[in-house]
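Chain letters run A, B, ... following the sequence lines, proteins first and then strands; every chain starts at 1. All values below come from the heavy atoms of this structure, side chains included, with hydrogens, waters and symmetry mates left out.
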2 protein chains.
Amino acid sequence: MRDTNRPNLEDVAALAGVSTASISRCINNPKKVAEPTRLRIQKAIDSLGYMPHFGGRALAINRTNTVGAIIPSMENAVFASGLQAFQETLNDSKVTLLVGSSNYNASQEYDQIRSLLSQGADGLLLIGKDRPKKTLDFLEKHSVPHVLAWCFGKNISSPVVGFDNQKAAQKIADHVIALGHRKLAIIAGLREGNDRANERIIGIQDAQKTNPNVELVAIEECKYSFEEASAALDRILALNKNPTAIICSSDVLAVGAMLRAKELGLSVPNDISITGFDDINLAQVVTPSLTTVRVPQQEMGRKAAEVLLDLINPNLGKTAAQSVELMTTIINRGTLVSLQ
Amino acid sequence: MRDTNRPNLEDVAALAGVSTASISRCINNPKKVAEPTRLRIQKAIDSLGYMPHFGGRALAINRTNTVGAIIPSMENAVFASGLQAFQETLNDSKVTLLVGSSNYNASQEYDQIRSLLSQGADGLLLIGKDRPKKTLDFLEKHSVPHVLAWCFGKNISSPVVGFDNQKAAQKIADHVIALGHRKLAIIAGLREGNDRANERIIGIQDAQKTNPNVELVAIEECKYSFEEASAALDRILALNKNPTAIICSSDVLAVGAMLRAKELGLSVPNDISITGFDDINLAQVVTPSLTTVRVPQQEMGRKAAEVLLDLINPNLGKTAAQSVELMTTIINRGTLVSLQ
DNA sequence: TTAAAATATGTAAGCGCTTGCATGCAGGAA
DNA sequence: TTCCTGCATGCAAGCGCTTACATATTTTAA
């Protein structure tokens, strides 16, 4: 039923003494309306405080200028600055961002996808490349424009903007090995439904395999919290295999392990080296500061937004949206020691 | 123009052999439709992969089940977990969250408010209580349901869910003073357009005033980054007033100051005590871990969502939405030393 | 048995906006 | 003058959905 409180096109039209069509044109395509009329209309709009009704417009043009992003967790600083950059880039094109979080859970992600889409999202940003067939089918069936981030891969059918987790992990592991470490352990996120965690483990295993005299004494998976990482370190130490370096698949895990090591009276890196992944704020703050892998978050967010916008706008002569691979860098700080 | 790709109510109705009205009822009020029909409809919906069109619905019921939140910054972990709780609570009521960020800038906030509203947000979460008249007028004129968080106060016309920044700041300052500190300095966020930063300063000043033998040797404002806090510490030290404690109005600032102190060869807390505010992750991670003020973020997010939902739903007999004041707690860790 | 009440479903109007088409009008070319 | 062109504007259909109301069917009561 009519909300008499909120002015609509007709009200503006009446006040300005023109038809609703002109108002609409004035808003969406100002050149199509003559100067004096435009001024009159603008005055009417201002004086009524008119704002176009979102639903009406969405219905008419079948587009919302809204995109959704579903990240595994909002609490995790890992995604924050990437998302911020994503949003800023969208805003430049007058597109609004809807955010959902999946809690690292595929079925929650599916629900969020449906929810954001039924909220009218024109496109989606998703994290990672592995998801259940059900989700994939859904995306395909509804031909949802989407881009994947925080991952990369050659034979993915969706556009991807990110980095190769496996290669990045292999690189840091190679680096650790090059410094003389021969007994490694891993603390990683739960692989289940998390391709990034999974590939990071595989990357480290790759590095180990190409160096036969390197031993991988433990692989511990846990949730991304200090407490869980702390417990994971305990489990590793309980094995009595004496790894000289622990490669963690996230800074949060690395810091959790460091905190625990400190509690146990172990010196990092003298007694044990620890490396992280992501290079979030935390990494610079711990003592010693964390040697880690820097992920180009901002660039990823920005580029992902560009690709998604391309996907949504049947664009004018521009090149089709393409996947882009970004590179990670190893940031050497204080938690990794050379054994040579 | 009709998107033939996307099934609409009519398609479902045709397939199920009922009218569109029944489909609509089946979706929104299943009890109103008989069991066998409901099953038939459900099957049709599933087989077509039908999803209601957001705009159509929004137009018909003049409601989007969407609320917006505008936070000063996404990068700052300060708001992350509160926002997460806010979102989760909304989700329980099938309400989606739109997020905008204002970059601690009133005019950007105003733009975001307009943008979220024109995206159809039914209500808004805003941070802090001070804003320009223009913004206030706008909210009033359009009678936008909204709740303020991260602040509290008696004579605010909007519902507020938060804590009293001034009191909380006074409390930590009193605590510092009780430990024997007589020369204090402040590192705070920029007060301009930021009531939280402002009130936290005032709270500390309150504490100082009631203790005449306490001196406030410096008040430095800066942006919320390690680098800026670091520079602020330098400016304070350059004064040669030798404060024994630096009260920071955010953990980020406190950690930035700590990092700088360490660079300068100053021991925290032996040479100088430092306190934070917020109790974000960072606080536990630095060495020594940070004595700070814990803000009940999750609770604030949850309660704010409840109040906002109340505001939006002309609800059934429930009590009207009320402001709620939450309490902060001082978390004693390692950066504040007793001088007695 | 019949009337009344309850239940299930359909009909159609209308939410606010955009846009193809029609109309009117001014200026220029023939 | 007449015709054409182009611009500014209006008209009205239609986007997909909800819902008051009308209608048809079943149940219940008397």
Side-chain angles (χ1 to χ4, degrees), chain A residues 1-42 44-45 48-66 117-122 142, chain B residues 1-42 44-45 48-66 94 117-120 122 142:
Chain A
M1 122 225 41
R2 173 91 160 88
D3 174 359
T4 44
N5 202 20
R6 179 192 231 272
N8 61 14
L9 264 196
E10 217 167 331
D11 299 331
V12 184
L15 183 63
V18 295
S19 74
T20 59
S22 290
I23 316 280
S24 172
R25 276 191 282 262
C26 179
I27 291 172
N28 301 305
N29 213 340
K31 310 146 228 159
K32 300 213 107 190
V33 59
E35 176 81 11
T37 332
R38 196 186 319 152
L39 262 36
R40 207 145 30 91
I41 292 177
Q42 196 53 54
I45 290 181
L48 289 176
Y50 170 76
M51 285 167 52
H53 187 282
F54 183 68
R57 172 178 267 160
L59 193 50
I61 63 180
N62 201 32
R63 206 143 157 359
T64 58
N65 286 315
T66 288
L117 249 31
S118 67
Q119 288 293 318
D122 294 330
H142 295 270
Chain B
M1 119 228 42
R2 172 92 162 89
D3 174 359
T4 43
N5 204 19
R6 179 192 230 272
N8 62 12
L9 264 196
E10 216 167 333
D11 299 331
V12 183
L15 183 61
V18 295
S19 76
T20 60
S22 290
I23 315 281
S24 174
R25 275 191 283 262
C26 180
I27 292 172
N28 300 305
N29 211 340
K31 309 146 231 159
K32 301 212 107 189
V33 58
E35 175 82 11
T37 332
R38 194 185 323 150
L39 262 38
R40 204 144 34 90
I41 292 178
Q42 196 51 56
I45 290 181
L48 288 176
Y50 169 76
M51 284 167 53
H53 187 283
F54 181 69
R57 169 179 270 161
L59 193 50
I61 62 180
N62 202 32
R63 208 147 157 355
T64 57
N65 286 315
T66 287
K94 302 286 175 206
L117 249 33
S118 67
Q119 289 292 321
D122 295 330
H142 295 270

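Looking only at distances, no side-chain donor or acceptor of B/Arg63 sits under 3.5 Å from a matching main-chain atom of B/Gly120. A/Asn29 places no side-chain N or O within donor-acceptor distance of the main-chain N or O of A/Arg25, the cut-off being under 3.5 Å. Between the side chain of B/Asp122 and the backbone N or O of B/Thr64 there is at least one donor-acceptor pair closer than 3.5 Å.
OP1 or OP2 of D/dT19 has not a single side-chain nitrogen or oxygen of B/Ser24 nearer than 4.0 Å. For the pair A/Asn28 and C/dT18, the criterion of a side-chain N or O lying under 4.0 Å from OP1 or OP2 is met. The side chain of A/Arg57 contributes no N or O atom lying less than 4.0 Å from OP1 or OP2 of C/dG16.
Counting any heavy atom pair closer than 4.0 Å across all strands shown, B/Ser22 reaches sugar-phosphate atoms only and no base atom. Residue B/Ala21 is in base contact, counting any heavy-atom pair closer than 4.0 Å across all strands shown.
When distances run from any side-chain atom of B/Leu59 to the nucleotides D/dG16, D/dG10, D/dC17, the shortest one goes to D/dG16. Listed nucleotides: D/dA12, D/dT18, C/dC17. Nearest to the side chain of A/Thr20: D/dA12. Residue A/His53 places its side chain closer to C/dG16 than to any other of C/dG10, C/dG16, C/dA8. The side chain of B/Ala60 has D/dG16 as its nearest neighbour among C/dG16, C/dT18, D/dG16.
Rounded to whole Å, atom P of D/dT26 lies 18 Å from atom CD of B/Glu35. Rounded to a whole Å, the CD1 atom of A/Ile61 is 15 Å from the C1' atom of D/dG16. Distance CG (A/Asn65) to C1' (C/dT18): 14 Å, rounded to an integer number of Å. Taking atom CD1 of B/Ile27 as the reference point, atom P of D/dC17 lies 8 Å away to the nearest angstrom. The nearest whole Å value for the distance from the CG atom in B/Asn8 to the P atom in D/dG14 is 14 Å. Atom CZ in B/Phe54 sits roughly 15 Å away from atom P in C/dC17 (whole-Å rounding). Between the CG atom of A/Asp11 and the P atom of C/dC15 there is a distance of 11 Å, rounded to whole Å. Atom CG of B/Asn29 and atom P of D/dT19 are 9 Å apart (whole Å).
The base of C/dG16 does not come close enough to the side chain of A/Arg6 for any donor and acceptor atom to sit less than 3.5 Å apart.
Using a 4.5 Å cut-off on side-chain heavy atoms (C-beta onward), B/Val12 and B/Asn8 make no contact. Contact check for B/Tyr50 versus B/Leu15: no side-chain heavy atoms found under the 4.5 Å cut-off.
Nearest-nucleotide positions on DNA chain D for B/Arg25 and B/Gly55 put B/Gly55 closer to the 5' end.
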